[in-house]
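Everything on this sheet refers to the single structure shown next.
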Amino acid sequence: MSGEYRAIDYYKGIMKGNCRKELVDKINRLKKEKNAVILAHNYQLPEVQDIADYVGDSLGLSIQASKTNADIIVFCGVYFMAETAKILSPEKMVLIPDRKAGCPMADMITADELRELKVQHPKAKVLCYVNTTAEVKAECDVCCTSGNAERIVQEAFRTDDEIIFVPDQYLAHYISTRAGRDFILWKGYCPTHVKMLPEDIALQRTLHKDAEVIVHPECPAGITSIADKVLSTEGMCNYIKASEAREFIIGTEIGIIHRLQKENPGKLFYPLSERATCPNMKRTTLEKILWSLEELGFEVTVPPDIMNKARTCLQRMIDYKA
Ligand code: 13P
Ligand code: SF4
């Protein structure tokens with residue numbers, strides 16, 4: 001079978017012979033022709049991770065986006081991540097293969113709702129999780145990820161008595177216990193991480209007695225309080241690589257297990273719960289990546305005034321990481 005197929009053929013189900021290889025070859029060819037780079041989040045489908053130039057967490061991917069010499073970034077993740085890449089690399093074309101790949105947590109607070117909260121707490125400084133829209137970031141002082149939230153609170157908000165932390169109530173609760181600081185909360189949450197229950201930890205511990213339980217701070221307090229370690233996705237990858245332990249129960253979106261297994265072939269990984277999948281992260285497929293490269297869609301854009309304000313908020317976080 002020749003390389004004459006276009007993405008639309010795959011959509012129509014015209015798949016014969018060794019079409020997976022053909023699809024991968026075609027993506028790689030187009031990527032070179034158009035000087036594009038493919039970035040994929042740790043939760044993406046295995047075949048999407050495998051074709052990516054870089055796999056990582058939301059912060060790592062954005063920094064990667066700002067450093068690349070490519071003209072086009074195909075961002076395989078959810079919308080706020082692609083938007084963050086665009087804000088940090090405004091001169092590049094950022095594409096998201098599926099426009100509907102949103103993050104329900106990011107959509108749990110709007111800029112109007114945040115403005116209202118700020119009116120109620122006029123003296124408060126505002127910290128936002130990176131899982132927010134550009135409009136919300138534009139209303140905030142500093143941004144954070146789950147990997148740097150504790151440090152940002154301790155350093156950037158050292159002298160502030162009142163801190164609004166949006167939108168994830170569970171990340172805010174966890175950081176509050178670590179940093180010994182109180183926050184004005186927003187009742188947002190990740191629908192995927194709240195599926196994990198304390199009973200799941202109890203069951204997995206009986207099945208895998210030697211395994212360490214590692215969970216993400218988006219999990220509710222009933223989970224983070226009994227896990228062995230609470231880490232961001234990149235934190236999990238780094239910790240496991242360096243660990244002497246051989247078995248791990250992973251309490252986050254199950255897509256990360258593909259990367260963990262690939263990077264640590266001698267170690268064993270068990271999902272804390274197989275229910276922990278993010279449907280939005282699974283919307284991106286090889287067929288959609290090919291379409292994205294062929295048609296240069298869907299292009300991510302952010303209005304300039306929002307972009308500039310949101311960049312200030314993001315840049316403060318990046319500067320604290322240094
Ligand atoms: P990371 O910041 O660790 O990439 O996580 C983002 C996310 O959406 C977790 O659910
Ligand atoms: Fe959003 Fe949760 Fe999916 Fe992460 S796992 S993208 S927080 S819905």
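Throughout, residue positions are numbered sequentially from 1 according to the sequence presented. Read the numbers this way: they start at 1 and go in the same order the structure lists the ligands and their atoms.
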Close approach of His193 to ligand 1, heavy atoms, under 4.0 angstrom: yes
Contact check: Ser232 vs ligand 1, nitrogen or oxygen atoms, below 3.5 angstrom: no
Donor + acceptor pair across side chains of Tyr189, Glu218 (<3.5 Å): no
Neighbour count >12 (heavy atoms, 6.0 Å) for atom CD, Glu274: no
Polar proximity ligand 1 side, Glu218 side, N/O cut 3.5 Å exclusive: yes
Close side-chain approach of Lys137 to Thr133, heavy-atom, < 4.5 Å: no
Candidates Phe157, Phe183, Tyr174, Tyr170 - the one meeting ring pair (Phe, Tyr, Trp, His ring centres under 6.0 Å) with Phe165: Phe183
Any N/O pair Tyr129/ligand 1 closer than 3.5 Å: no
Passing candidate, side-chain contact (heavy atoms from CB on, under 4.5 Å) with Ser292, options Ile96, Leu30, Ile27, Val74: Val74
Residue Cys278, metal atom 3 (Fe) of ligand 2, N/O/S under 2.8 Å: yes
Region of Glu253 that comes within reach of ligand 1 [heavy atoms, distance under 4.0 Å]: neither
Thr233 neighbourhood, listing ligand 1 atoms whose heavy-atom distance to it stays under 4.0 Å: 1 (P), 3 (O), 4 (O)
Beyond-backbone contact of Asn35 with Ile72, side-chain heavy atoms, under 4.5 angstrom: no
Any Phe80 heavy atom less than 4.0 Å to ligand 2: no
For Ser58, atoms of ligand 1 separated by under 4.0 Å from a heavy atom: 1 (P), 2 (O), 4 (O)
Side chain to side chain, Leu117 and Trp186, heavy atoms closer than 4.5 Å: yes
Check: Ile214 and Ile249 side chains under 4.5 Å, non-hydrogen atoms: no
Atom 1 (Fe) of ligand 2: nearest protein contact (heavy atom, Å): Cys103 SG, 2.4 Å
Structural part of His41 in contact with ligand 1, heavy atom criterion under 4.0 angstrom: side chain
Short side-chain donor-acceptor distance under 3.5 Å, Tyr43 and Thr192: no
Pro90 vs Arg311 side-chain heavy atoms within contact, under 4.5 Å: yes
Per-atom contacts, ligand 2 versus Glu218 - under 4.0 Å to a heavy atom: 2 (Fe), 7 (S)
Structural part of Asn131 in contact with ligand 1, heavy atom criterion under 4.0 angstrom: side chain
Residue-ligand contact Met105/ligand 1, heavy atom below 4.0 Å: no
Whether Cys190 has an N, O or S atom under 2.8 Å from atom 2 (Fe) of ligand 2: yes
For Asp57, atoms of ligand 1 separated by under 4.0 Å from a heavy atom: 1 (P), 3 (O), 4 (O)
Minimum-distance protein heavy atom relative to atom 8 (S) of ligand 2: Pro104 CD, 3.4 Å
Side-chain heavy atoms of Ile51 within contact of Asn28, under 4.5 Å: yes
Location of contacts on Asn131 toward ligand 2, heavy atoms closer than 4.0 Å: side chain
